[in-house]
Amino acid sequence: MDEQQKQRFLSLRRELIRREFAGLNERQQEAVLCTEGPLLLLAGAGSGKTTVLIHRIANLIRFGRASDCTEVPTGYGFAELAALEAAAAAEGPMDTQTAALCTVEPVEPWRIIAITFTNKAANQLKDRLADMLGPEAQEIWAMTFHAACCRILRREIDRLGYDLQFTIYDTADSERVMKEVLRSLNYDEKALPPRLVLRLISQAKDAMQFPEAFADAAGRGGDQRLADTAKCYAAYQTRLREANALDFDDIILLTVKLLQDYEEVRVRWQQRFRYVLIDEYQDTNHLQYLLSALLAGGRENICVVGDDDQSIYKFRGATIENILSFEERFPGARLIRMEQNYRSTQAILKAANAVISHNRGRKGKTLWTENASGVPITVKESFDENEEANYVAGRIFAQTPPARFRDFAILYRTNAQSNALERSFKFNAIPYRIIGGTRFFDRAEVKDMLAYLCLINNRADDLRLSRIVNNPPRGIGLKTLETLRRLAESRGLPLYLVLADAGQYPALERSAKKLLDFSALIEECAGLLDSLPLPEFYDAVVEKTGYARMLEEQDDVESRTRLENVRELRSSLVNYLETHPDDPSLHGFLEEIALYTDIEQYDAEADAVVMMTIHTAKGLEFPHVFLVGAEDGLFPSLRSMDDGAELEEERRLCYVAITRAKQSLTVTHARQRMLYGRTTANPLSRFIGDIPRELLSPSSKPRTPKPQSPGSREGRMFYDDLPFAERGGWDQPPQRRADVGIGPYGSRSSGAGSSPLRPGAAAQHKAPVVDYRPGDTVQHSSFGRGMILRVTKMGNDAMLEIAFDDKGTKRLLANTASAHMKKL
DNA sequence: ATCATAACGCTTTTT
DNA sequence: GCGTTATGAT
C-alpha cells in the first residue's frame, strides 16, 4: 500500500470501529476509541461515564488498539482495503472478517484493571461488563483499590516479612489497637486522642512516611505532640505486624512499597496489566495516585475518569490535585470533556451550574442537556424539622400515584437528620429505607461473632481475642487480661499462646482453669472447621461459645434483634459460598467481609422512599429529590463556613445533591431546628441563594431582598417568614386519608402535641413482631377482614399493604397494626 | 466481676 | 439529645 492507501485504510478502520459505538455521542466515542497513552476524562454528572468505561473496555477486548494506532499490519494490501471500503458502504453490524481486519492486538480481559472506590461501583461495573461481554468479563480486574491490592499482596507480601495469610483491621479495630498503645505508653487519651494519632499516621502513610522517617521529622520539628505520635506510630505498627494484621492504609501502602522496591514484583504486574482505568479519580489520595502510576508504568496506558466538581472526600485524604495536575504528571495526556448530561432537566442543571460556578480552582466545565426545561425548583421554608418532615411526607403522598415511592430520595447533610423524617414517615405509613448509619458489620454482636471467627482463623489476633475472651462473661476480667498482656509482652508471644498455656504461669494460677476452658473452646471450634461446611461450623460456634444462649436468656426486643443479626451473618456466609465456589474457606470469607463491609441491599427492589446523606448519594440518581436542611450552619456545616477550601468542598457537595435529581428538586429549610440537643435558628443556605430566582417556583419567591449582610455575596435571597399555613400550605395539597395523620406532632394549626393521630402508633415498640406475607388474610379490629397484598421491609418493621373487604386498600405498619389485627 | 451512673463529644465515609 | 465509654460502688 502506498501512503495514501494507508491513510485511507486507517480512517476506514477507525470509522468502522466508531460505528460499533453508534449509540454514544461524539465525545463518548472519542473516549472509547482513545486507547493508547494517558487519558483524562472529565465526566460531568450524568454524562454517561460508566457507559464509556464499559464500552472502552469492550473496544479494547474486541479491537485492541486498532482505533488508536497508525500502523497497517504488514502484508495488508489492496484486497484488505477493498474489503473495508465494501464494509463501510454496507449497513448493519460488522461481520467477522471485517472485525478481524479492524483488530490490532486484542486485549485479553485479564490484562485490564479497572479500579473503583466502592464495592457498589465495582459490582455495578462487573455486572454491566458481564452483560456486554459475557463470561469473559469475569477475568477483568474490576474491583476496589483495596481488593486489587489485597490480591497482589496475597502473592507478594512475604517479602516484607508478613505472612501471606494476613488479617485486615478496620477503622474500629485500629482505634482499639491505638487505645491499647496509648495505655501501654502511658499517654493520656485526652492529651493525645487516638483518633488524632490515627489521622496523623494515615497522613504519614499517604506520604509514604514510615515510623522512622516520621520520628526523624517529628524530632526536628520540636513539636512534642508529633514526637509522641511518632512513638505511637512505631508501637502501633509493631502490634499490627505481630498480629499479622494490616490496616486499610497499609494495604495500599505496602503494595506501593513492593512495586517500588522490588523490581521483580514491579515488572511482573506491569507486564500483566496493559490497560489501567481508574474511576472517581477526584477521590484518590496521593498513595492511590502512586499505585495507579506504578501499575501503568512503562506503557502509561492509564485512563482516569473523574469530575473535579464532585470531589467531596478531601476530609479523608482525597486530593483534587491528582486531577488538576494529571496532564503535568503524564506528559502527552489527552483530555476529553464530557459535558452533555442525560439525566436532569434544564432547570436542575442550570441551578447546579449556578451553584458550582462560585468555586475557584476548577477545571471548568458547564453541563448542558437536550432534556426538557422541566418543572421549577421548589424552595420551602418550614417552622422546624418536624414540619419539614411532614411537608416532605405530604408532597410524596400528593404525588402517589402516579409516582412510585422508590422514585423519591431524601438527601441530607448529616445522618442525624433522618430522625424527624423517620418519625413522620412511620407515622404516615410511607415505606422508606435509610441507607447508611450504623452498618450491619459494625453492629457489636456481628463484630463479636466475627471476632470468634478471626481468632479461630488466626490465633495471633490479640485484638479479637481480647474482644471476646469474656463475651459472653466467662469470669475472665480486666485484671486477668492485664496479667496475660504483661506475660505475653515480656515473652514476645501472642496472647493466645500464653492463655492456652496458662498452667505454666504462676501469675495465672487462679484463672488458669477458665483460660484453659476458653482455649479448649477455641480449639474445639477450630477442629470442626475441617469436618463441617462453613454454615454448620458457624452454627456450632454460635452455640458452643454460649453467645446464642446469652442473647436468648435476655429475651427482650433488643437482644432478639441482635440474635437475628447473628443469624443474618450466617446468610452472608452462605452467600459467600455461593459466590466463591472456588474458595470455600473461612479465611476467604473473612477477607471478603473485611473489604466488603456493606451488606448487599437485600430489599433494593422494594418500593420505598430512600433516605441517605448526600455523600452516600453520589453516583446515584432519582426522579424526585428532596434536599432537606438547607441552612447555613448545617449545610454548609458550621465548621466549614470560615474556611474557603472547606466551603468549596461543601459547595461541591451541594452540586452533587442537585445533580442527583432527574425531574424535580425540592429544597427545604427550617427556621429553627434541634441541633446537638440545642434549638438553633439558621438562615437559608447560601448555596441555595446562588440559584437564579427564575428557576424557582412561584411559591418559593423571596418577599423582599434584604440589604446585604457583610461578607455575603450579591444575589443572596431571603424568604418570607410567614407561618406555613398562611402561605398556602403544600404546593400540591396532600390527599388526606381517613386513617393517616399528617405527622406525629400534627400540623401546627391543629395544635396537636405528641399524641399520635393514629390509634396504636405509640405502642409500636411493645407490639409483638408477627410474620406477615402477601396472601395472608387478616382480621383488623377497625377495618375488618382483608388480604395482605404487599410487604415492604423497613428496618425492624414492615409496611403492609392490605386490601380490606369493606374499607379499601390501606397501608399499615406491621408492628403497630399487629396489636389490632390477627392472622386468619 | 459486674452493674450503675456520670461525663463527654459530636460532620460527612470507604476500605 | 443520644449513644458510647470511664469510673466507682456493690
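By convention in this document, chain letters (A, B, ...) are assigned in the order of the sequence lines, proteins followed by strands, and residues within each chain are numbered from 1.
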Quiz prompt | Pairwise 5' ranking along DNA chain B for A/G475 and A/E650, keeping only the more 5' one | solution =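 First, find each residue's nearest nucleotide; the 5'-ward one identifies A/G475.
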
Quiz prompt | Upstream residue (5' side of DNA chain B) when A/L478 and A/E646 are each assigned their closest nucleotide | solution =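 Result of the comparison: A/L478.
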
Which whole-number value in Å describes the distance from [X] [atom1] to [N] [atom2]?
| X | N | atom1 | atom2 | result |
| --- | --- | --- | --- | --- |
| A/K190 | B/dC10 | NZ | P | 12 Å |
| A/L182 | C/dA6 | CG | C1' | 15 Å |
| A/Y313 | B/dT11 | OH | C1' | 12 Å |
| A/L411 | B/dT12 | CG | C1' | 13 Å |
| A/M612 | B/dT11 | CE | C1' | 18 Å |
| A/N415 | C/dC2 | CG | C1' | 14 Å |
| A/N470 | B/dT2 | CG | P | 5 Å |
| A/I312 | B/dT11 | CD1 | P | 17 Å |

Under 3.5 Å, is there a donor on one side chain and an acceptor on the other for [X] and [Y]?
| X | Y | result |
| --- | --- | --- |
| A/E631 | A/S685 | no |
| A/N285 | A/T319 | no |
| A/K205 | A/Q237 | yes |

Side chain of [X]: nearest nucleotide among [options]?
| X | options | value |
| --- | --- | --- |
| A/H615 | B/dT2, B/dT13, B/dT15 | B/dT13 |
| A/P473 | C/dA6, B/dT15, B/dT2 | B/dT2 |
| A/N119 | B/dT13, B/dT15, B/dA1 | B/dT15 |

Quiz prompt | Near-parallel close stack of A/F315 and B/dT12 base (under 5.5 Å, under 30°) | solution =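 Stacking is present between B/dT12 and A/F315, given that their ring centres fall under 5.5 Å apart and the planes under 30°.
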
Exercise. Taking the six-membered ring of A/Y655 (Phe, Tyr or Trp), confirm whether the NZ or CZ of A/R652 is under 6.0 Å from its centre and within 45° of its axis.
Key: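 The answer is no, since A/R652 fails at least one limit relative to A/Y655.
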
Quiz item: Is A/K257 positioned over the aromatic face of A/F210, cation under 6.0 angstrom from the ring centre and no more than 45 degrees off axis?
Solution: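 Relative to the ring axis of A/F210, which defines the angle, A/K257 lies inside both limits.
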
Practice problem: Ignoring hydrogens and angles, answer whether the base of B/dT15 and the side-chain atoms of A/T171 contain a donor-acceptor pair closer than 3.5 Å. | Solution: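 For A/T171, whose side chain was compared with the base of B/dT15, there is a donor-acceptor pair (under 3.5 Å).
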
Quiz item: Is there side-chain contact between A/R549 and A/E553, with at least one heavy-atom pair below 4.5 Å?
Solution: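 Contact flag for A/R549/A/E553 side chains = yes.
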
Quiz item: With respect to the phosphate group of B/dT13, does any side-chain polar atom (N or O) of A/T613 fall under 4.0 Å of OP1 or OP2?
Solution: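 Yes, such a contact exists.
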
Self-check item: A/T616 side-chain N/O to B/dT13 phosphate OP1/OP2 under 4.0 Å
Solution: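 Result: yes.
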
Quiz item: Under a 90° cut-off about 0 for the syn range, is B/dT12 syn or anti?
Solution: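 Nucleotide B/dT12 adopts anti.
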
May I ask you to say what [X] touches in the nucleic acid, namely base, sugar-phosphate or nothing, with a heavy-atom cut-off under 4.0 Å?
| X | result |
| --- | --- |
| A/D283 | nothing |
| A/S637 | base |
| A/I614 | nothing |
| A/R413 | base |

